[in-house]
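This report concerns only the one structure given below.
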Number of protein chains: 2
Amino acid sequence: MKRNSRLSLALHTLGHMARDPGRMRKSADIAAHAGTNPVVVRRVLGSLREAGLLVSESGHAGGWRLARAPQEITLADVYLALDERLTAAEPTAETHDCSVEHALHFRVSKVMEEVEQTLIQKLSETTILAIRGATDQKSMSK
Amino acid sequence: MKRNSRLSLALHTLGHMARDPGRMRKSADIAAHAGTNPVVVRRVLGSLREAGLLVSESGHAGGWRLARAPQEITLADVYLALDERLTAAEPTAETHDCSVEHALHFRVSKVMEEVEQTLIQKLSETTILAIRGATDQKSMSK
DNA sequence: AGATGCGCAACTGTTAATGTTACAAGGTAA
DNA sequence: TTACCTTGTAACATTAACAGTTGCGCATCT
């Protein structure tokens, strides 16, 4: 699959779910539609469940569905649930006492944090209900 | 080395160069200071040369130095020179005619472009001359 | 019980990036 | 000119992160 695949998969799936919130979907079906593997789907959706966006059930009529109304789930919620921060983190505290490196890290980190806040802000302006093209009644809505 | 290493290496090196613009530095010395390999240094600095930020010379007294005054080189210049865009690019035009996927890509791409503009804007507010901690006369300035 | 679906752990590709080696070409100094 | 030094680049090895895969245990419904 491609890069940033986790976010893409998550948003794609939620986009479909938003169109029919009550329906239960199996990871196998979701995987087939997204062109990936059921286990990968469970891993990604599992993160969303931990964040309280989704609910999963075992058993015969099991599967996945939204934990709350689609208009109450924004793209920012999904982004944060996946915990893929922009911030480099840079845990390399190699005690490389180079003042340039310290100053650099300080400046860049500050900028990245501000930028991430901007990203979250912008993502929070769109709900998963708003993600759909025109009125597709086919594809995954069968 | 760590992730985002190209940007880190580039900024780190320019940060030092800004403190002594006239001096010529060998890739071997830069590599030793940054804890990496001379060839890696040449690859990264090569991008900066193509962008007109650095000049390199062969020969006995060869090496690298800034192509212009340090106060005229911003972090944004370096970021753009390395051509590492945030935008996912997503070249996977799998003709996967799923309207949700299209709408999703459209929305997210737009947000990412806006965020990248914010990032560039913020980076352009700092020059490489501003990157230094207090007054370190030691370390690489010998 | 049997069928179905999730949860999770362990393992195997795959891919992108860095690290490494080697050598040609360019330039300086004696 | 010769000797030496440094960049430029190609080719290959190593690594790390991630997706994909398999297998099996547990839960739930008919």
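So that the names make sense, note that chain A is the first sequence line, chain B the second, and so on, each numbered from 1. These numbers come from the heavy atoms of this one structure, side chains and all, not from hydrogens, waters or symmetry mates. These numbers were taken from a predicted model, which means no experiment stands behind them.
- Distance CD (Glu84(A)) to C1' (dA19(D)): 13 Å, rounded to an integer number of Å.
- Of the listed nucleotides (dT7(D), dG23(D), dT4(C)), dT7(D) has the atom at the smallest distance from the side chain of Arg42(B).
- When the nucleotides dT21(D), dG8(D), dG5(C) are ranked by their closest atom to the side chain of Ser58(A), dG5(C) comes out on top.
- Inter-residue side-chain proximity for Thr74(A) and Tyr79(A) is flagged as unmet; no heavy-atom pair is nearer than 4.5 Å.
- Within the structure, a side-chain polar atom (N or O) of Ser27(B) is placed less than 4.0 Å from OP1 or OP2 of dT7(D).
- Atom NZ of Lys26(A) is separated from atom C1' of dT28(D) by 15 Å (rounded to the nearest Å).
- Side-chain atoms of Arg43(B) lie closest to dA11(D) of the nucleotides dT7(D), dA11(D), dA19(D).
- To the nearest 0.5 angstrom, Leu14(A) atom CG is 7.0 Å from Leu53(A) atom CG.
- Side-chain proximity of Val39(B) to the nucleotides dA22(C), dT28(D), dT6(D) is greatest for dA22(C).
- Atom-to-atom, CG of Leu45(A) to P of dC6(C) comes out at 9 Å; the value is rounded to the nearest Å.
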Practice item. Report the C-alpha distance between Arg6(B) and Arg43(B) in whole Å, list the side-chain angles of each, state the deciding distance to 0.1 Å, and finish with yes or no for side chain to side chain contact (heavy atoms under 4.5 Å, CB included). Key: CA-CA 9 Å; Arg6(B) 281 160 45 84; Arg43(B) 282 205 279 246; 5.7 Å; no
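- To the nearest angstrom, P of dT18(C) lies 9 Å from CG of Leu9(B).
- OP1 or OP2 of dA19(D) has at least one side-chain nitrogen or oxygen of Ser5(A) nearer than 4.0 Å.
- Within the structure, every side-chain polar atom (N or O) of Thr36(A) is placed at least 4.0 Å from both OP1 and OP2 of dA19(D).
- For Arg25(A) and dC6(C), the CZ to P distance is 13 Å, given to the nearest whole Å.
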**Study point:** CA sep, side-chain torsions, deciding dist, call: Ile73(B), Arg68(B), side chain to side chain contact (heavy atoms under 4.5 Å, CB included)
**Key:** CA-CA 8 Å; Ile73(B) 297 179; Arg68(B) 56 177 193 256; 3.9 Å; yes
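- To the nearest angstrom, P of dC6(C) lies 14 Å from CG of Leu48(A).
- With DNA chain D read from its 5' end, the first of the two nearest nucleotides for His60(A) and Ser56(B) is the one closest to Ser56(B).
- Taking 3.5 Å as the limit, the base of dG7(C) and the side chain of Arg49(A) contain no donor-acceptor pair of atoms between them.
- Spacing between atom CD of Glu57(B) and atom C1' of dA25(C) amounts to 15 Å, rounded to whole angstrom units.
- Between Met112(B) and Arg85(B) the shortest side-chain heavy-atom distance does not fall below 4.5 Å.
- Straight-line distance from the CG atom of Asn37(A) to the C1' atom of dT12(C): 13 Å, rounded to whole Å.
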